[in-house]
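Inspection log for the structure reproduced underneath, given as structure tokens.
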Protein chains: 2
Amino acid sequence: MTEYKGKKNTEKEVAHVIRHIRELLENDEVLPGERLPAERKISADTGVSRAKVRLALERLESYSLVTILPQSGSVLSSQPRTALIRQISSILDGNKYDFNSLVQVRNLLETAAVRLCAERHTPEDIVLMEKAMQDFVDNVHGPLRDEKDFAFHTTIARCCHNSVIYHLLLMITPDVLGFYRRLRACATLPEDVVQEHLKILECIKNSDPDGAEQALKSHFADITAFAAANTNEVPRFRL
Amino acid sequence: MTEYKGKKNTEKEVAHVIRHIRELLENDEVLPGERLPAERKISADTGVSRAKVRLALERLESYSLVTILPQSGSVLSSQPRTALIRQISSILDGNKYDFNSLVQVRNLLETAAVRLCAERHTPEDIVLMEKAMQDFVDNVHGPLRDEKDFAFHTTIARCCHNSVIYHLLLMITPDVLGFYRRLRACATLPEDVVQEHLKILECIKNSDPDGAEQALKSHFADITAFAAANTNEVPRFRL
DNA sequence: GCACGTAAATTGGTTAACCAATTCACCGTG
DNA sequence: CACGGTGAATTGGTTAACCAATTTACGTGC
């Protein structure tokens with residue numbers, strides 16, 4: 001009567017375990033920096049198999065919220081209690097972003113990237129960016145258009161020498177692209193896009209942050225307006 | 001001759017598998033949107049146990065780079081090839097951020113949050129923020145000081161009604177706090193911090209984005225200067 | 001020769017038993 | 001009474017066998 005179900009409610013059970021851990025934290029049964037109950041204990045308390053408990057803990061570890069010590073136990077990160085709780089909640093919410101928020105942040109990060117790039121680029125950076133630019137021009141009418149467009153923006157983010165900007169941009173990009181595709185946005189003519197990219201690159205090379213910011217802003221003008229008009233889009237993610 | 005090793009080189013083997021998948025992608029052996037080799041196949045190809053292969057795939061799935069289909073296989077996300085490769089590389093690098101980059105981005109995100117908050121707060125938002133403010137004042141000399149300080153900033157991020165800003169801020173906060181603690185930064189007098197928080201909240205309530213931005217900037221002035229002076233800090237994370 | 005159904009092979013998902021390192025309590029010794 | 005060591009119990013880590021759903025290939029019947 002194990003009543004084996006081949007379904008994949010793994011996600012739900014993992015979420016249950018994570019929620020359980022959040023409750024432990026909320027009820028002060030474990031404090032930040034302290035040891036969590038053993039995997040077997042959690043498994044017994046929640047009724048979830050140990051493998052799934054393990055999965056949940058590993059997930060939390062990948063967010064740096066717990067550290068699993070090989071033969072000793074799992075300890076909570078020693079951040080402020082509220083920070084832990086909110087981050088756990090954020091994981092449980094599943095990161096469903098709306099289009100407008102995404103576009104705002106993309107604007108924010110890329111603007112900073114472009115400015116920093118203009119201020120402190122090295123000669124090697126210039127080479128990289130011109131290569132990305134040329135790559136884009138060569139493919140602007142081919143099937144790799146989106147690919148190379150993305151690569152150009154990413155290269156700038158890399159050349160701005162701020163690792164956080166680069167990584168966060170990589171992180172939100174899939175969601176942004178998903179919306180673009182779904183909403184059939186980005187109808188600008190290829191030639192215009194090339195010109196806009198060129199203008200941005202030009203300002204960067206001239207070490208002109210304000211000009212670069214302005215060029216980026218007009219590059220994003222259409223999509224910004226579109227996003228502002230299309231807020232409250234149904235959020236659906238995961239590939 | 002199984003030569004059982006109780007060590008935890010799990011991380012290294014998982015990384016090996018992820019690197020293997022990146023190579024498949026780089027060599028065009030699998031394209032975005034296509035099916036990956038079966039877990040058992042990957043396990044045989046890499047010499048890593050299937051459980052670890054599984055772990056690697058689940059990690060990639062948690063970043064939305066692959067989707068695991070219950071009894072059918074794992075398929076790559078259909079983003080641009082370059083995007084996938086760079087995101088995988090980013091995971092392999094392990095997200096080691098330097099202090100200066102973190103502070104720059106924190107500035108960026110919180111500035112945007114404060115402005116948005118001033119522009120479009122609701123009455124309920126005001127209640128939440130004043131409650132967070134009061135909470136901070138009540139604990140400014142107690143052991144929960146950092147906790148409540150953090151909670152105040154987070155509440156603003158939540159009230160700005162941009163889910164991406166909120167989540168990204170939550171995401172980088174542990175790293176920021178880690179640096180603060182390690183570098184013994186944040187030596188400002190408690191009373192001054194209260195005043196600065198009050199000023200920010202005041203501007204938000206008056207729907208004055210520029211004032212709020214200015215108040216935030218002076219709130220962050222010390223740490224910004226400190227971070228700029230202490231770049232190239234050795235990056236060490238995970239709790 | 002084509003279409004359909006069936007069975008075998010392949011897939012991810014799950015479990016339980018086992019391993020070694022660590023922890024901890026207890027007991028003996030100084 | 002304090003200290004140190006030893007062994008049992010507990011910990012996370014690993015493995016291999018097994019499950020059901022899906023896919024695939026084949027053979028049968030039309």
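Keep in mind it's a predicted model, so treat the numbers as computed, not measured. In what follows, chains are A, B, ... by sequence order, proteins preceding strands, each numbered from 1.
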note = Rounded to whole Å, CD of A/E39 lies from P of D/dT14 at a distance of 11 Å
task = Assign the ring pair B/Y97 / A/H167 to parallel, tilted or perpendicular, where the plane angle (0 to 90°) is split at 30° and 60°.
result = tilted
message = Nearest whole Å is fine: how far is D/dT10 C1' from A/K41 NZ?
response = 14 Å
ask   = What is the distance from CG of B/L55 to P of D/dT14, rounded to the nearest Å?
value = 9 Å
query = For A/D45, what residues pass the salt bridge (charged side-chain N to carboxylate O under 4.0 Å, His left out) criterion, not counting sequence neighbours?
reply = A/K41
inquiry  = Whole angstroms only, please: what is the CD1-P distance between A/I42 and D/dT10?
reply    = 16 Å
ask   = Is any side-chain nitrogen or oxygen of A/S74 closer than 4.0 Å to OP1 or OP2 of D/dT11?
value = no
message = Does anything in residues 44-53 of chain B come within less than 4.0 Å of DNA chain D? Heavy atoms only, and list the residues if so.
response = B/S49, B/A51, B/K52
request  = Calculate the interatomic distance between B/L60 atom CG and C/dG12 atom P; express it in whole Å.
outcome  = 14 Å
ask   = Can you list the residues that meet the side chain to side chain contact (heavy atoms under 4.5 Å, CB included) rule with B/R22, with sequence neighbours excluded?
value = B/R19, B/E26, B/I85, B/I88, B/S89, B/L92
Do any N or O atoms of the protein come closer than 3.5 Å to N or O atoms of nucleotides 22-26 of chain C, and which pairs are they?
unit_1 : atom_1 : unit_2 : atom_2 : d
C/dT23 : OP1    : A/S72  : OG     : 3.3

task = Check every atom of C/dT11, D/dG12, C/dT14 against the side chain of A/I68 and return the nucleotide holding the closest atom.
result = D/dG12
query = Taking CG from A/L36 and P from D/dT10, how many angstroms apart are they, rounded to a whole number?
reply = 18 Å
request  = Kindly compute the distance separating OG1 (B/T46) from CD (B/E13), expressed to the nearest 0.5 Å.
outcome  = 8.5 Å
request  = Can you tell me which residue pairs pass the salt bridge (charged side-chain N to carboxylate O under 4.0 Å, His left out) test with a partner in residues 74-85 of chain A, sequence neighbours excluded?
outcome  = A/D28-A/R81
query = If only atom types and distance count, is the side chain of A/S74 paired as donor or acceptor with the main-chain N or O of A/T67 below 3.5 Å?
reply = no
query = Sequence neighbours excluded, which residues qualify as side chain to side chain contact (heavy atoms under 4.5 Å, CB included) partners of B/A112?
reply = A/L108, B/I165
inquiry  = Please report the distance, rounded to the nearest Å, between CZ in A/R40 and P in D/dG12.
reply    = 7 Å
message = As a quick check of understanding, evaluate side chain to side chain contact (heavy atoms under 4.5 Å, CB included) for A/L36 and A/L57, giving each step before the final call.
response = CA-CA 10 Å; A/L36 246 43; A/L57 289 174; 3.8 Å; yes
task = Would you please classify the geometry between the A/H153 ring and the A/H197 ring as parallel, tilted or perpendicular, with 30° and 60° separating the classes?
result = perpendicular
